[in-house]
Student: 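Just passing along the structure, written as structure tokens.
Below, read A as the first sequence line, B as the second, and so on, with proteins coming before strands; counting in each chain starts at 1. Only heavy atoms go into these numbers, but all of them, side chains included; no hydrogens, no water, no symmetry mates. Keep in mind it's a predicted model, so treat the numbers as computed, not measured.
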There are 2 protein chains.
Amino acid sequence: MGSLNLNIDRSSPVPLYHQVVQGIEAAIHSGTLAPGSRLDNEIDLAASLNLSRPTMRKAMDELVRSGLLVRKRGVGTQVVSSQVRRHLELSSLFDDLQRVGSKPATEVLSFMHMEADDAAREALQLPKGAKVYHFTRLRTVDGKPLALMENSVRDDIVAMDEASLASRGLYEILRSAGVNFRLANQRIGAVIANAYQAPLLGTTVGAALVTMERTALDDTGRLVETGHHVYRADSYSFEMTLVQR
Amino acid sequence: MGSLNLNIDRSSPVPLYHQVVQGIEAAIHSGTLAPGSRLDNEIDLAASLNLSRPTMRKAMDELVRSGLLVRKRGVGTQVVSSQVRRHLELSSLFDDLQRVGSKPATEVLSFMHMEADDAAREALQLPKGAKVYHFTRLRTVDGKPLALMENSVRDDIVAMDEASLASRGLYEILRSAGVNFRLANQRIGAVIANAYQAPLLGTTVGAALVTMERTALDDTGRLVETGHHVYRADSYSFEMTLVQR
DNA sequence: TTTGTTTGCTTGTCAGGACATAGTCTATCA
DNA sequence: TGATAGACTATGTCCTGACAAGCAAACAAA
């Protein structure tokens with residue numbers, strides 16, 4: 001059974017193990033590999049694709065980590081489930097909305113290049129008197145307000161301006177300026193809409209809001225960005241897949 | 001500099017690569033390896049520990065995945081930061097509270113062995129007429145109410161009773177019955193406390209609550225448990241570290 | 001029938017080698 | 001002085017080979 005039928009292109013710049021990952025992912029999502037079905041053993045699979053066992057294993061390792069496969073020594077490898085959603089990743093709301101086909105728009109409510117306040121200075125571990133870009137934005141989808149976002153960004157990495165923030169996502173801007181995000185610490189909670197938030201979000205005082213605080217590090221260990229966002233609870237929630245290791 | 005000084009015990013049942021992982025983690029958390037410092041290259045490190053390069057790489061791979069290290073081809077490997085919190089994992093609230101030294105208590109508000117309702121049947125993909133354990137619990141910490149939890153559990157895996165639920169966490173019970181959780185799909189949002197929830201949680205109608213819906217799969221692909229929880233927003237939030245891959 | 005043993009299967013761990021590729025630095029040349 | 005080419009370094013990819021360890025089913029003995 002699970003003997004797969006993948007095309008491995010050895011002239012492709014895509015690593016072989018990654019081609020295998022993509023192939024098996026596709027097979028699972030298309031239903032060719034049904035949940036619960038067993039795959040051939042590593043050695044045979046590797047042989048049938050003319051790959052070495054370590055390469056095959058590396059591919060399967062990745063799929064196990066992402067939760068699509070389960071391996072048991074002495075038993076074999078099984079497809080767990082096709083219902084793995086994309087893991088909650090380091091992406092901006094803007095990117096997420098665009099990917100699912102919505103039309104996000106951003107209104108920049110305030111934009112300043114100013115001395116960091118205490119909260120931002122602690123979150124970004126900046127010295128006293130250091131400056132940051134501080135701005136608040138309102139994100140709407142198809143004309144409906146969705147999120148109110150307040151952010152502080154280090155000013156020694158990229159020069160920012162109000163116009164680009166209005167047309168592009170924050171993470172997109174930072175990425176195109178050469179920032180490679182690696183890590184983010186994030187906290188999700190809830191709060192009641194106050195008199196400032198309610199009219200902006202097109203809701204009433206006392207409505208439920210989802211809150212998200214995030215601080216992101218780039219690959220050199222710099223704390224680049226910190227933000228406090230609130231979302232309308234009736235139109236947004238955080239969805240994720242947890243994988244037990 | 002980053003030449004490390006680890007003890008590798010080749011007679012230990014702990015795999016060599018994992019001993020290296022633990023050693024480097026300890027060095028980072030103790031400050032021996034400072035954030036931003038560079039490690040020796042893989043080959044030298046492997047040689048100095050009398051390990052092969054693949055073994056050394058496997059250890060470093062794990063640390064890169066968990067966000068402690070960053071590698072750049074042609075450049076080297078660097079310690080990113082020591083402020084990686086534990087990744088949001090597949091654990092129960094009960095376990096989490098106990099680990100941080102709190103004294104969680106559970107009051108079982110209702111407990112039934114009944115036919116699954118539509119929501120539970122869909123979440124657990126059960127046939128019509130299948131039975132589940134359905135129960136609601138109130139979790140308090142040091143006498144203060146924290147969470148109101150409603151769960152449905154398949155009844156063909158483990159026999160449950162009200163008494164054990166009152167003294168142990170749900171996941172603890174299921175784990176000790178041989179269930180190995182692998183995956184969970186989870187959604188976090190917000191809502192306003194209603195007239196049923198408010199008195200139980202010791203708050204007022206209209207207070208902010210964090211909601212969490214979760215469906216968990218075990219390693220055989222069975223959908224074992226689904227639940228809908230609400231937490232007092234003033235005493236609970238979800239904290240996590242996201243790693244960019 | 002039950003219990004212990006063996007055998008074979010599959011994944012887990014580890015070694016050593018080879019070449020590719022992407023950065024960085026230096027030396028050279030215009 | 002500035003740009004370019006090359007050497008060097010470190011990680012990325014891929015291979016072959018070997019043995020260990022856990023699991024299950026078949027088998028043998030009580």
Side-chain angles (χ1 to χ4, degrees), chain A residues 1-4 6 8-24 37-65 68-80 178 180 182 219-220 245, chain B residues 1-4 6 8-24 37-65 68-80 178 180 182 219-220 245:
Chain A
M1 39 188 66
S3 60
L4 292 176
L6 307 178
I8 301 297
D9 178 4
R10 299 193 85 96
S11 69
S12 161
V14 177
L16 301 181
Y17 69 88
H18 198 250
Q19 292 186 39
V20 176
V21 169
Q22 292 175 323
I24 296 181
S37 63
R38 277 224 318 284
L39 284 117
D40 281 352
N41 68 63
E42 300 172 351
I43 311 215
D44 291 352
L45 274 180
S48 73
L49 295 174
N50 285 313
L51 297 171
S52 70
R53 188 180 161 215
T55 301
M56 195 64 214
R57 259 186 85 74
K58 175 151 188 172
M60 296 173 83
D61 270 345
E62 239 176 71
L63 292 162
V64 167
R65 274 204 309 278
L68 287 169
L69 298 182
V70 170
R71 288 192 289 204
K72 278 192 194 138
R73 186 191 305 203
V75 181
T77 305
Q78 235 183 331
V79 179
V80 172
N180 298 307
R182 262 316 108 107
D219 57 2
T220 64
R245 287 175 300 192
Chain B
M1 40 191 70
S3 60
L4 291 178
L6 307 178
I8 301 297
D9 177 5
R10 299 192 85 97
S11 68
S12 162
V14 177
L16 301 182
Y17 69 88
H18 199 251
Q19 292 185 39
V20 176
V21 168
Q22 293 175 323
I24 296 181
S37 62
R38 278 224 320 283
L39 277 81
D40 281 352
N41 68 63
E42 300 173 350
I43 313 218
D44 292 351
L45 273 180
S48 74
L49 296 175
N50 286 312
L51 298 172
S52 70
R53 189 182 164 211
T55 301
M56 194 66 214
R57 259 186 86 73
K58 175 149 188 172
M60 295 174 83
D61 271 346
E62 243 178 66
L63 292 162
V64 167
R65 275 204 310 278
L68 287 169
L69 298 182
V70 171
R71 286 191 290 202
K72 277 189 197 141
R73 185 191 308 205
V75 181
T77 305
Q78 232 182 335
V79 178
V80 172
N180 298 306
R182 262 317 108 108
D219 57 2
T220 64
R245 284 175 304 192

Student: Send over the distance from B/Y17 OH to C/dC14 P, rounded to a whole Å.
Tutor: 7 Å
Student: Does A/D9 offer a backbone N or O that forms a donor-acceptor pair with the side chain of A/Q19 under 3.5 Å?
Tutor: yes
Student: Using a cut-off of strictly less than 4.0 Å, decide whether B/R57 has a side-chain nitrogen or oxygen near OP1 or OP2 of D/dG12.
Tutor: yes
Student: Using a cut-off of less than 4.0 Å, is there contact between a side-chain N or O of B/R10 and OP1 or OP2 of C/dA15?
Tutor: yes
Student: Once you apply a heavy-atom cut-off of 4.0 Å, does B/D44 come out as touching a base, just sugar-phosphate, or nothing?
Tutor: nothing
Student: Without decimals, in angstroms, what is the distance between A/R71 CZ and C/dT13 P?
Tutor: 9 Å
Student: A/I43 has an atom CD1; how far is it from atom P of D/dT16, in whole Å?
Tutor: 12 Å
Student: Quick one: B/H18 NE2 to D/dA21 P, roughly how many Å, whole number?
Tutor: 18 Å
Student: Apply side chain to side chain contact (heavy atoms under 4.5 Å, CB included) to the pair A/V64 and A/V70, showing each step before the final yes or no.
Tutor: CA-CA 6 Å; A/V64 167; A/V70 170; over 6 Å; no
Student: What integer distance in Å separates A/E42:CD from D/dA21:P?
Tutor: 18 Å
Student: If we ignore hydrogens and angles and just use 3.5 Å, is the side chain of A/E62 paired with the main-chain N or O of A/H18 as donor and acceptor?
Tutor: no
Student: Would you say A/K72 reaches D/dG22's phosphate, i.e. side-chain N/O to OP1/OP2 under 4.0 Å?
Tutor: no
Student: CD of B/Q19 versus P of C/dT13: gap in Å, rounded?
Tutor: 12 Å
Student: Any side-chain N or O of B/K58 under 4.0 Å from OP1/OP2 of C/dC14?
Tutor: no
Student: Expressed in angstrom and rounded to an integer, what is the separation of A/I8 atom CD1 from D/dC14 atom C1'?
Tutor: 13 Å
Student: Quick check on C/dA15: is either OP1 or OP2 less than 4.0 Å from any side-chain nitrogen or oxygen of B/T55?
Tutor: yes
Student: Set out, in order, the CA-CA distance, both residues' side-chain angles and the distance that settles side chain to side chain contact (heavy atoms under 4.5 Å, CB included) for A/I8 and A/N50, then state yes or no.
Tutor: CA-CA 9 Å; A/I8 301 297; A/N50 285 313; over 6 Å; no
Student: Please classify the nucleic acid contact of B/P54 as base, sugar-phosphate, or nothing, using heavy-atom distances under 4.0 Å.
Tutor: base
Student: If only side-chain N and O atoms of B/R53 are considered, is one of them under 4.0 Å from the OP1 or OP2 phosphate oxygen of C/dA15?
Tutor: no
Student: Closest nucleotide of DNA chain D for B/M60 versus for A/L16: which of these residues is on the 5' side?
Tutor: B/M60
Student: Atom CG of A/D40 to atom P of C/dT11: distance rounded to whole Å?
Tutor: 9 Å
Student: Of the nucleotides D/dT11, D/dT16, C/dA15, which one has an atom closest to the side chain of B/T77?
Tutor: D/dT11
Student: Take B/V20 and B/I24 through the side chain to side chain contact (heavy atoms under 4.5 Å, CB included) test and state the conclusion after the steps.
Tutor: CA-CA 6 Å; B/V20 176; B/I24 296 181; 3.8 Å; yes
